[in-house]
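Everything below concerns the one structure shown next.
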Amino acid sequence: MSEPSIFTRILEGEIPSEIIAQTDRVFAIRDIAPRAPLHLLVIPKSAQYRDVVELAAGDPSLMAEMVALAQQLADEHADGDFRLIFNRGAGAGQTVFHVHAHVLGGGLTEGSLGD
Ligand code: 5GP
């Protein structure tokens with residue numbers, strides 16, 4: 001077995017981070033290094049899928065649940081609009097190989113694709 005991911009350790013309370021929302025299968029935290037006024041991470045509780053390609057192929061309904069939670073959080077914490085980013089692979093900036101969506105919102109630069 002590989003080491004538990006940093007997100008599994010947060011979910012299990014080993015690393016402090018407030019869980020700001022959760023469903024049976026998904027939870028959300030604030031990114032420790034925010035790159036937008038609102039920068040949340042929406043994460044499946046299971047670490048089964050390493051990235052968005054594996055997730056989409058393996059459990060599309062879980063991916064849909066992540067998107068729905070992103071919308072709910074953008075409604076609650078910003079004006080309802082948000083940018084959803086999945087980094088896939090180290091070359092694209094992925095550092096945690098437990099799939100997660102970055103939810104960015106609250107005063108994004110118009111037309112920008114990222115930071
Ligand atoms: P990735 O680069 O894999 O797409 O995204 C991983 C994200 O996890 C990064 O934006 C990073 O700031 C965030 N992160 C890493 N460690 C922690 C942590 O211990 N707590 C929180 N809240 N976020 C973390």
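For ligands, and for the atoms within them, numbers begin at 1 and follow the listed sequence.
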[X]: numbered ligand 1 atoms lying under 4.0 Å from its heavy atoms:
| X | result |
| --- | --- |
| A33 | 12 (O) |
| S17 | 22 (N) |
| R30 | 21 (C), 22 (N) |
| G93 | 1 (P), 2 (O) |
| H100 | 1 (P), 3 (O), 4 (O), 5 (O), 6 (C) |

Pick from E18, Q94, H102: the one approaching atom 4 (O) of ligand 1 most closely through a non-hydrogen atom: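 Residue with the shortest heavy-atom distance to the ligand atom: H102.
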Is a donor from one side chain sitting under 3.5 angstrom from an acceptor on the other, for S61 and R25?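 R25 and S61 do have a side-chain donor-acceptor pair below 3.5 Å.
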Report the nearest protein non-hydrogen atom to atom 12 (O) of ligand 1: residue, atom name, distance rounded to 0.1 Å.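 Answer for atom 12 (O) of ligand 1: D31 OD1, 2.6 Å.
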Among all protein heavy atoms in this structure, tell me which lies nearest to atom 3 (O) of ligand 1, with the distance rounded to 0.1 Å.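 Nearest neighbour among protein heavy atoms for atom 3 (O) of ligand 1, to 0.1 Å: T95 N, 2.7 Å.
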Does ligand 1 have an atom under 4.0 Å from some heavy atom of F7?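 Judged by the 4.0 Å heavy-atom criterion, F7 does count as contacting ligand 1.
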So is I10 close enough to ligand 1, meaning a heavy atom under 4.0 angstrom away?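 Distance cut 4.0 Å: I10 passes for ligand 1.
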Where on [X] is there a heavy atom closer than 4.0 Å to ligand 1, on the side chain, on the backbone, on both, or on neither?
| X | answer |
| --- | --- |
| R35 | side chain |
| N87 | side chain |
| I32 | both |
| I6 | side chain |

Any donor and acceptor pair, going by atom type alone, linking the side chain of [X] with main-chain N or O of [Y] inside 3.5 Å?
| X | Y | value |
| --- | --- | --- |
| E18 | I29 | no |
| H98 | P44 | yes |
| Q94 | R50 | yes |
| R88 | F86 | no |

Pair K45, V26 - check side-chain contact (heavy atoms from CB on, under 4.5 Å), show working. CA-CA 5 Å; K45 290 182 175 176; V26 179; 5.9 Å; no
Residue pair I20 / H77, side-chain heavy-atom distance below 4.5 Å: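 Counting from C-beta outward, I20 and H77 do come under 4.5 Å.
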For the pair H39 and H102, name the ring-plane relationship: parallel under 30°, tilted 30 to 60°, perpendicular over 60°.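 Taking H102 first and then H39, their aromatic rings sit tilted (interplane angle of 30° to 60°).
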Mind running side-chain contact (heavy atoms from CB on, under 4.5 Å) on I85 and L104 for me, showing each step along the way? CA-CA 8 Å; I85 295 175; L104 304 177; 3.7 Å; yes
